[in-house]
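Have a look at the structure below, then the notes.
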2 protein chains.
Amino acid sequence: MAKDDALDVAERVHKAAIRMLRAARVADATTGLSAPKLSALSVLVFGGAMSLSALAKAEQVTAPTMSKLVGDLEAEGLVAKRADKADKRGLRIEVTTKGRALMEKGRQARLALLTARVAKLSRAERAQLDAAAALMLKLAASP
Amino acid sequence: MAKDDALDVAERVHKAAIRMLRAARVADATTGLSAPKLSALSVLVFGGAMSLSALAKAEQVTAPTMSKLVGDLEAEGLVAKRADKADKRGLRIEVTTKGRALMEKGRQARLALLTARVAKLSRAERAQLDAAAALMLKLAASP
DNA sequence: TTAGTTAGTTAGTCAAACTAATTATATGCG
DNA sequence: CGCATATAATTAGTTTGACTAACTAACTAA
C-alpha cells in the first residue's frame, strides 16, 4: 500500500503543515512587528537568553543580519543586550517584559485562529493531532 | 484532562509544525532560488497556471510585489506569461519545463530530508502522521 | 457613453538578506 | 611567553523583496 510509504507521508505532512501555518500567518499583523522580528523574539522567549550567534543560527540567518534585527528590537525596548561574564566578546540577548508581552500577543492571535478551528474537531481527532505533534517534533529534532 | 483541550492541541501542533518546517528549510539552498520565488513557483506547479493577482493572493503579497517576482522568474526562463484570451487586461502565468524541473529539485531535497526521518518511524506512527496531515489541511481550509 | 472598477506595471522607499572587512578578545602551539 | 589563528559582534555596501502611490488599459454597468 502506497499510503503509508515514507515519502508519501512526508509529502502530505509537509504540504499540510505549510498550508496550516500559512493560514495562521494572517494573524501576525496584530503585533505590528515584522515576521523576522517576531520569530526571533519567539526563539528568545522559548529558548531563553542566548548569544547573537546562537540566535542567528537558530533563525538560519548570518550574524550581521541578526545583529541588525537585535539592534532594532533593542531600540524598541523589546530585548536587552547584556555582556557575557565569561567571554568579553560575547553577548547575552534577553527579552524584556515588554518584548515578552508583545510576542505573547502575537502568539495568542495566531493560536486563537487555530484554536477556533481545532475546537470544531472531534475529541478523537484532537487526540490524533496531538499525537502527530509529538511525532513532528521528533522529526524536527532528528539528527 | 487538559491534554486534549483545543488551545493546548493548537499550541502543540503549531509549535511542532514550525519546528519541522524550519528543519526542512535548510534544504532550499540546493535550488539557488530564493524562498519567495521557490514558493511562488510551487504554487504555480500545484495550482496550475493563474493570473498575477490570484498568485499574489495565494502568496499573501501585493500585486506589484508579485509582478516583480514573476518578472524575475520570467527572465530566468522559469515561467512564461501568456495573454488571457477572455480578458485582455489579464495574464496567465505558466511554469516552463525548466521551472518545473527546478521546483521539483528543491522539493525533492526538502522531502528527502523529511522522508529519511519519517522512514525511521513505525508503521503505526506513519499512519498517525498521515491522518494528522488530513486534519491540518482541514484546519487550513476552515472558514 | 461615460463613470467606476479591475488587472497589471512603474516608480520610489524601506526592511532584511547577503558578503567583505574591522575590532576586540580567546585560544593554542612552538 | 608570544604570535598566529580563530571566534564574537559590528560596520559598510549591495541586492532582493516588501510596501504605497500613481499610472495605463480594458472591462462593466447605469
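Side-chain atoms are counted along with the backbone in the values below, which use heavy atoms only and exclude waters and symmetry mates. Labels below follow one simple rule: chain letters A, B, ... track the order of the sequence lines, proteins then strands, and each chain is numbered from 1.
Checking D:dT28 for Watson-Crick or G-U wobble geometry (two distances, each under 3.5 Å) identifies C:dA3 as its partner.
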Give the C-alpha distance, both sets of side-chain angles, the deciding distance and a yes or no for side-chain contact (heavy atoms from CB on, under 4.5 Å) between B:E76 and B:L33.
CA-CA 10 Å; B:E76 295 178 63; B:L33 222 51; 3.8 Å; yes

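The two residues B:L41 and B:G99 have their closest heavy-atom pair at CD2-O, 3.7 Å. Residues B:A10 and A:V118 come closest through the heavy atom pair CB-CG2, 4.1 Å.
What separates CG of A:D84 from P of C:dA26 is a distance of 9 Å, to the nearest Å. Per the geometry, CG belonging to A:L33 stands 13 Å off C1' belonging to C:dA16, to the nearest Å. One atom, CG of A:D87, and another, P of D:dT7, lie 12 Å apart when rounded to the nearest Å. Separating the CG atom of B:L38 from the P atom of C:dA17 is a distance of 17 Å, rounded to the nearest angstrom. Look at CD1 on B:I93: it is 12 Å from C1' on C:dT9, rounded to the nearest Å. With rounding to whole Å, B:R82 atom CZ is found 18 Å from C:dA7 atom C1'. Following rounding to the nearest Å, A:K85 (NZ) and C:dT25 (C1') show an atom-to-atom distance of 19 Å.
At a threshold of 4.5 Å between non-hydrogen side-chain atoms, the residues B:V13 and A:L114 do not count as touching.
Looking only at distances, a side-chain donor or acceptor of A:T96 sits under 3.5 Å from a matching main-chain atom of A:L78.
Heavy atoms from other residues, nucleotides or ligands lying under 6.0 Å from CZ of B:R25 number more than 12.
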Tell me, for nucleotides 9-22 of chain D in 5' to 3' order, what letter each nucleotide earns: B for a base near a protein heavy atom under 4.0 Å, S for only sugar-phosphate near one, - for neither?
SBB-----SBBBB-

